[in-house]
Amino acid sequence: MKFFDEGVKLFQCVGDRDVVTWNVLVMGFVQNDKFEEACNYFWVMRREGILPDEASFSTVLHSSASLAALHQGTAIHDQIIKLGYVKNMCVLGSLITMYAKCGSLVDAYRVFEGIEDHNVISWTAMISAYQLHGCANQVIELFEHMLSEGIEPSHVTFVCVLSACSHTGRVEEGLAHFNSIKKIHDMNPGPEHYACMVDLLGRAGWLDEAKRFIESMPMKPTPSVWGALLGACRKYGNLKMGREVAERLFEMEPYNPGNYVLLANMCTRSGRLEEANKVRRLMGVNGVRKEPGCSWIDVKNMTFVFTAHDRSHSSSDEIYKMLEKLEKLVKKKGYVAETEFVTNSLEENEEEQGLWYHSEKLALAFGLLTLPIDSPIRIKKNLRTCGHCHTVMKLASKIFDREIIVRDINRFHRFADGFCSCGDYW
DNA sequence: CTAGGGTTAG
């Protein structure tokens with residue numbers, strides 16, 4: 001936002017700031033993805049003795065949700081109860097989302113079931129909460145429940161329902177829901193619904209049908225529509241279509257590193273190392289840099305950050321020893337590393353050994369070393385989790401009999417007893 | 001001034 005800084009300056013000039021003035025400031029931070037600042041200013045407002053209203057709470061909960069800051073979100077919830085805003089639908093909707101995005105599905109549901117008079121947003125917030133946690137069956141169940149209560153779904157509801165179908169391979173059902181958008185609910189499907197359908201068909205392996213679906217769109221396909229198809233090409237190793245699709249994406253959004261990474265990895269996987277290098281060079285030419293992968297873990301009220309091959313931590317030696325131990329145990333279980341797993345790595349032909357030092361594994365080792373035996377290991381990551389890490393997390397949950405929860409950029413993975421809640425679809 | 005998302009310019 002061009003005028004954001006001006007707005008902040010203006011705020012500083014206002015002598016008599018009431019709650020609305022503060023809300024506008026905090027919302028400005030949220031709209032510019034500055035969630036930490038948003039939260040900080042909320043607390044500054046509190047210290048200045050201003051009582052928050054419904055709007056302040058909805059906004060600050062949105063920030064806590066985006067930061068996955070459960071501790072803070074819970075503190076806000078306490079204040080909401082104290083100040084008596086527990087009937088406001090915006091606040092309740094934000095609470096559901098906050099708990100879901102902070103990893104606590106049970107708390108999200110507790111808020112949801114306490115609501116007397118649901119609207120489409122509270123239903124959708126809970127449906128989306130299930131979707132985020134990979135509970136596709138509950139998504140469909142709640143959606144049907146919502147319809148039976150006579151609530152009209154929204155565009156957003158359909159995004160969740162179609163994604164759930166996609167993640168569980170329910171092609172027919174997804175198509176039926178998609179058609180119902182127009183036929184039954186008298187709405188026009190938007191590009192986001194087409195993106196879901198392309199994903200649905202593509203994941204099921206129907207690449208040509210997915211492409212035809214795009215061609216049938218009554219509007220210009222957005223990058224996420226093509227992105228869904230590119231993901232499918234990667235999954236099925238269709239380099240020919242993948243190239244074409246990636247070309248379009250490079251034109252539409254030359255600054256999105258994800259597309260380059262996907263194509264480069266597809267090339268590597270089909271043994272075309274030279275072409276993979278070419279894609280990496282193109283990325284450099286276009287001035288794009290991949291965001292480095294990075295993982296966080298909270299131990300005793302402290303946040304520890306790891307990057308791949310990180311040796312900066314004071315107990316680095318123990319961490320690496322722990323990883324070696326993990327590697328031995330995992331291999332004893334018969335796991336053979338598949339280097340083509342390097343989904344979001346850009347390293348040139350990364351060797352197997354390199355995979356073992358991805359940031360989330362370092363965080364895992366640190367968690368295993370420092371957290372009490374009965375507490376879940378909660379890790380946050382800034383990118384999509386890679387296939388190697390995903391497999392190792394599953395095995396580690398079984399080997400160490402630990403619950404491991406990883407929140408990647410898109411969703412939660414809850415690993416327990418050798419399985420992941422995402423059902424290996426992510 | 002506020003909530004749900006795979007939105008977001010012909």
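Nothing here was measured: the structure is a model prediction, and the numbers come from that model.
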- Contact class for A/Asp53 (heavy atom, under 4.0 Å): base, sugar-phosphate, or nothing? base
- Task: From the options B/dC1, B/dG4, B/dG6, select the nucleotide whose nearest atom is closest to the side chain of A/Ala195.
- Result: B/dG6
- Note on the structure: Rounded to whole Å, CZ of A/Phe213 lies from C1' of B/dG6 at a distance of 14 Å
- Item | Whole-Å gap separating P (B/dG5) and NZ (A/Lys101) | 4 Å
- Query: Contact class for A/Val19 (heavy atom, under 4.0 Å): base, sugar-phosphate, or nothing?
  - Reply: nothing
- Under 4.0 Å between any heavy atoms, over every strand shown, what does A/Ser154 touch: base, sugar-phosphate, or nothing? Just pick one. base
- Task: Looking only at side-chain atoms of A/Val20, point me to the closest of B/dT2, B/dC1, B/dG4.
- Result: B/dC1
- Rounded to the nearest angstrom, tell me the gap between atom CD1 in A/Ile96 and atom P in B/dT2. 19 Å
- How long is the line joining OH of A/Tyr41 and P of B/dT2, in whole Å? 20 Å
- Rounded to whole Å, the OH-P distance (A/Tyr85 to B/dT2) equals 15 Å
- Candidates B/dC1, B/dT7, B/dG6 - which lies nearest the side chain of A/Thr222: B/dT7
- Task: When you get a sec, tell me which of B/dG6, B/dG5, B/dT2 is the closest nucleotide to the side chain of A/Ser166?
- Result: B/dG6
- Hey, is A/Lys398 close enough to A/Asp417 for a salt bridge, meaning N to O under 4.0 Å? yes
- Looking at every strand, decide which applies to A/Ala129 at a 4.0 Å heavy-atom threshold: base, sugar-phosphate, or nothing. nothing
- Euclidean distance, atom CH2 of residue A/Trp123 to atom C1' of B/dA3 [Å, nearest integer]: 17 Å
- Report which part of the nucleic acid A/Met89 touches: base, sugar-phosphate, or nothing (heavy-atom distance under 4.0 Å, all strands). base
- Does A/Ser128 get its side chain close enough to the base of B/dG5, under 3.5 Å, for a donor-acceptor pair? no
- Item | Heavy atoms of other groups near A/Glu172 CD, more than 12 under 6.0 Å | no
- Task: Mind calculating the distance between CZ (A/Phe158) and C1' (B/dT7) to the nearest angstrom?
- Result: 16 Å
- Query: Salt bridge or not for A/Glu275 and A/Arg269, using N-O below 4.0 Å?
  - Reply: no
- Note on the structure: Of B/dC1, B/dG6, B/dA3, the nucleotide closest to the side chain of A/Ser163 is B/dG6
- Taking only N and O in the side chain of A/Ser94, is any of them less than 4.0 Å away from OP1 or OP2 of B/dG4? no
- Message: Is the ring pair A/Phe29/A/Tyr41 parallel, tilted or perpendicular, if the boundaries are 30 and 60 degrees?
- Response: parallel
- Task: Output yes when A/Arg407 and A/Glu360 qualify as a salt bridge under the 4.0 Å nitrogen-oxygen rule, no when they do not.
- Result: no
- Query: If we only count heavy atoms from C-beta on, is the A/Phe143 to A/Phe158 side-chain gap below 4.5 Å?
  - Reply: yes
- Write down the distance between CG (A/Asn119) and P (B/dT2), rounded to a whole number of angstrom. 16 Å
- Task: Pick base, sugar-phosphate or nothing for A/His62, based on heavy-atom distances below 4.0 Å to the nucleic acid.
- Result: sugar-phosphate
- Which nucleotide sits closest to the side chain of A/Cys90: B/dA3, B/dG6, B/dG4? B/dA3
- Message: Tell me whether the side-chain N/O atoms of A/Lys220 come closer than 4.0 Å to OP1 or OP2 in B/dT7.
- Response: no
